[in-house]
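Accompanying notes for the structure given below.
Basis for what follows: all heavy atoms, side chains included, without hydrogens, waters or symmetry-related copies. In this text the structure is predicted, and so the values were computed from the model without any measurement. Whatever order the structure lists them in is the order used to number ligands and atoms, beginning at 1.
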Amino acid sequence: MSNEDDQNEGDTGVATKTRPKTKRPPLYKVLILNDDYTPMEFVVHVLERFFGLTHSQAFELMLTVHKKGVAVVGVFSFEVAETKVGQVMDFARRHQHPLQCTMEKE
Ligand code: TYC
């Protein structure tokens, strides 16, 4: 369908302007969950290392998770979110901390 058709020029005279269909990829929230055992400094380090937060941003976000139980640490495409979750889970497991990281569709 041409753009001219969309606007009904010289057709019925009824303007029915449509947007060209541009499909945005779905986005995924990456969340970290609180637990009683993972050291605060470890969570801060994870947030700096895998999510590019400054030390003070990471500290604030860690405290939010500590107090509220969960927080969104970033929003990404499926592939990037999946990679980040895998990196965090692997890093936590290698250090024998129970830190949990998950993703959910926005
Ligand atoms: N609650 C943990 C503690 O008191 C710290 C912590 C914060 C753990 C955030 C996980 O996602 C987390 N040591």
Short N or O separations between ligand 1 and the protein, below 3.5 Å:
| residue | atom | partner | partner atom | Å |
| --- | --- | --- | --- | --- |
| ligand 1 | 1 (N) | N34 | OD1 | 2.8 |
| ligand 1 | 1 (N) | D35 | O | 2.7 |
| ligand 1 | 1 (N) | H66 | ND1 | 2.9 |
| ligand 1 | 4 (O) | H66 | ND1 | 3.4 |
| ligand 1 | 11 (O) | L33 | O | 2.8 |
| ligand 1 | 13 (N) | T38 | O | 2.9 |

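- Residues passing the side-chain contact (heavy atoms from CB on, under 4.5 Å) test with S77 are E79, V80, sequence neighbours excluded.
- Screening residues 53-87 for ring pair (Phe, Tyr, Trp, His ring centres under 6.0 Å), with sequence neighbours left out, gives Y28-F78.
- For residues 86-106, the salt bridge (charged side-chain N to carboxylate O under 4.0 Å, His left out) pairs, not counting sequence neighbours, are K29-E104, D90-R93, D90-R94.
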task: Given side-chain contact (heavy atoms from CB on, under 4.5 Å), test L33 with V65 step by step and report yes or no.
output: CA-CA 6 Å; L33 308 178; V65 180; 5.7 Å; no
query: For F91 and L99, what are the C-alpha separation, side-chain angles and deciding distance, and is it a side-chain contact (heavy atoms from CB on, under 4.5 Å)?
result: CA-CA 9 Å; F91 192 64; L99 180 64; over 6 Å; no
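- Remark: the backbone N or O of E60 is paired with a side-chain donor or acceptor of T64 at under 3.5 angstrom.
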